[in-house]
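Step one of this worksheet: look at the structure below.
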2 protein chains.
Amino acid sequence: MVDPSDREFSEPNEAIMQATYRALREYGYADLTIKRIAEEYGKSTAAIHYYYDTKEDLLAAFLDYLLERFVDSIHEVETTDPEKRLELLLDELLVKPQENPDLSIALLEMRSQAPYKKAFSQRFQQNDEYIRYMLKAVINHGIDEGVFEDVDADHATRALMTIVDGGRTRAVVLDEPGGLETARRTASEYVDAMLR
Amino acid sequence: MVDPSDREFSEPNEAIMQATYRALREYGYADLTIKRIAEEYGKSTAAIHYYYDTKEDLLAAFLDYLLERFVDSIHEVETTDPEKRLELLLDELLVKPQENPDLSIALLEMRSQAPYKKAFSQRFQQNDEYIRYMLKAVINHGIDEGVFEDVDADHATRALMTIVDGGRTRAVVLDEPGGLETARRTASEYVDAMLR
DNA sequence: CCAAACTTACTAACTAGTCAGTAAAAAGCG
DNA sequence: CGCTTTTTACTGACTAGTTAGTAAGTTTGG
């Protein structure tokens, strides 16, 4: 048995995380059951409960696992030129998700559960803060270097995040990848109009 | 058009629609059960099944009921001056939802189920088309009257819809009504920058 | 009287989670 | 080293609860 007090310091079970990922993409969050994760895992449901006491624990660990990978991909953007860097970050947020529509669907489902699941809302909020911090830093850097107008960086960041989340939502709800493309174009228009 | 004999277009049971509305706001979509709707209705679960064969039928009828009311509220915007009308429409889309956060939460939950429920996706898609049509008409009217720049009206409309959906999503996921306010400001900035 | 509008009682399926037992690997030890 | 004990990583069977939906019988209003 795993001591719950050690849980946040213990490493996630990679095979179970992968199984959860596959089950989530296949069935969606609403129809995600321990049984289905166990089937992907290739073992019994009790084997899952051996590592994670409750379904909530498992899903919280899975969200950590997912968002950690997402943060890593954002962190890998290496250009320091503000204009180029901002465009690359927006690509990461709006172009890369096009590769994995099933995951985008499941992620919106989980996001919509944030008001009911404290563990979810905490993690999504923290993730949002991080991305906002990255965007704001680039914008402030650009303002300092004189390539961007001296605008309200906090608002400009939130505006871009709004466009990003709008594109993500529309791509899922309206079942058209074009939602992300429209958002990508709109984000660039916003940057051109407000920051230069 | 549509076959009027089709079951899903028969008149909804007002009391059941109201009960569904209350149950949805109280428990959210994920925990919405026939039993809970029946409790709000004040009758047995079988009484619900007397009017609606399946849960899916009931929810499809409820979505029709909800979206019809939403469309009516949009339709009530009466100004013909393009600039004023566009601002009033954006208020309707981004300010009015602030009055009912619980409904906004439940609506995002239902929207996130669109990829799995044909009945949902159909209705949300139709609703989106209608709002887009209204926005596009105003923008084209403004272009014709010379108060707006001669831009790509279709893209400008989609851009505004992206900002609207981004604000809605962020208000729910991040639990801050400020998400809608940021979106409202961003929408006006977009209009100012691109249409004038 | 009769049809519409129910109720009560039920079922079949599915859910998360528990429990007792087990095989094998690891650790302790003389 | 060789033997015992403990721990890890499970399995299979089970519980208790919830779900949508049904069937048969009952009340009620025109």
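It should be emphasised that the depicted structure is a prediction, and the values quoted were computed from it without experimental measurement. Below, chain A is the first sequence line, B the second, and so on; all start at residue 1.
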Contacts of type side-chain contact (heavy atoms from CB on, under 4.5 Å), residue A/Ala19, not counting sequence neighbours = A/Arg22, A/Ile37, A/Glu40, A/Tyr41
request  = Mind checking side-chain contact (heavy atoms from CB on, under 4.5 Å) for A/Val151 and listing every partner two or more places apart, or none if nothing turns up?
outcome  = A/Ile143, A/Glu149, A/Ala156, A/Leu195
request  = Could you tell me whether the side chains of B/Gln18 and B/Glu14 share a donor-acceptor contact shorter than 3.5 Å?
outcome  = yes
query = With sequence neighbours left out, what residues match B/Asp154 under salt bridge (charged side-chain N to carboxylate O under 4.0 Å, His left out)?
reply =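 If we apply the salt bridge (charged side-chain N to carboxylate O under 4.0 Å, His left out) test to B/Asp154, skipping adjacent residues, the hits are B/Lys136, B/Arg158.
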task = Identify, with sequence neighbours excluded, every residue that meets salt bridge (charged side-chain N to carboxylate O under 4.0 Å, His left out) alongside A/Arg123.
result = A/Asp64
Only pairs under 3.5 Å count here: list side-chain donor-acceptor contacts from residues 81-93 of chain A, not counting sequence neighbours, and write none if there are none.
unit_1: A/Asp81; atom_1: OD2; unit_2: A/Lys84; atom_2: N; d: 3.2
unit_1: A/Glu83; atom_1: OE2; unit_2: A/Arg196; atom_2: NH1; d: 2.3
unit_1: A/Arg85; atom_1: NH1; unit_2: A/Val77; atom_2: O; d: 2.9
unit_1: A/Arg85; atom_1: NH1; unit_2: A/Thr79; atom_2: O; d: 3.0
unit_1: A/Glu87; atom_1: OE1; unit_2: A/Arg184; atom_2: NH2; d: 2.6
unit_1: A/Glu87; atom_1: OE1; unit_2: A/Ser188; atom_2: OG; d: 3.0
unit_1: A/Asp91; atom_1: OD1; unit_2: A/Arg184; atom_2: NE; d: 2.7
unit_1: A/Asp91; atom_1: OD1; unit_2: A/Arg184; atom_2: NH2; d: 3.3
unit_1: A/Glu92; atom_1: OE2; unit_2: A/Lys96; atom_2: NZ; d: 3.1

query = Rounded to whole angstroms, how far apart are CD1 on A/Ile48 and P on D/dG12?
reply =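 That distance rounds to 15 Å.
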key: Start and end of chain A contact along DNA chain C [non-hydrogen atoms, under 4.0 Å]   = C/dT15 to C/dC19
task = If a protein heavy atom is under 4.0 Å from the base, mark B; if only from the sugar-phosphate, S; if neither, -; do that for nucleotides 20-30 of chain D going 5' to 3'.
result = SBBB-------
query = Sequence neighbours excluded, which residues qualify as side chain to side chain donor-acceptor pair (under 3.5 Å) partners of A/Tyr21?
reply = A/Asn100
ask   = Tell me the salt bridge (Lys or Arg N to Asp or Glu O under 4.0 Å) pairs involving residues 99-112 of chain B, sequence neighbours left out?
value =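 Qualifying pairs: B/Arg111-B/Asp165.
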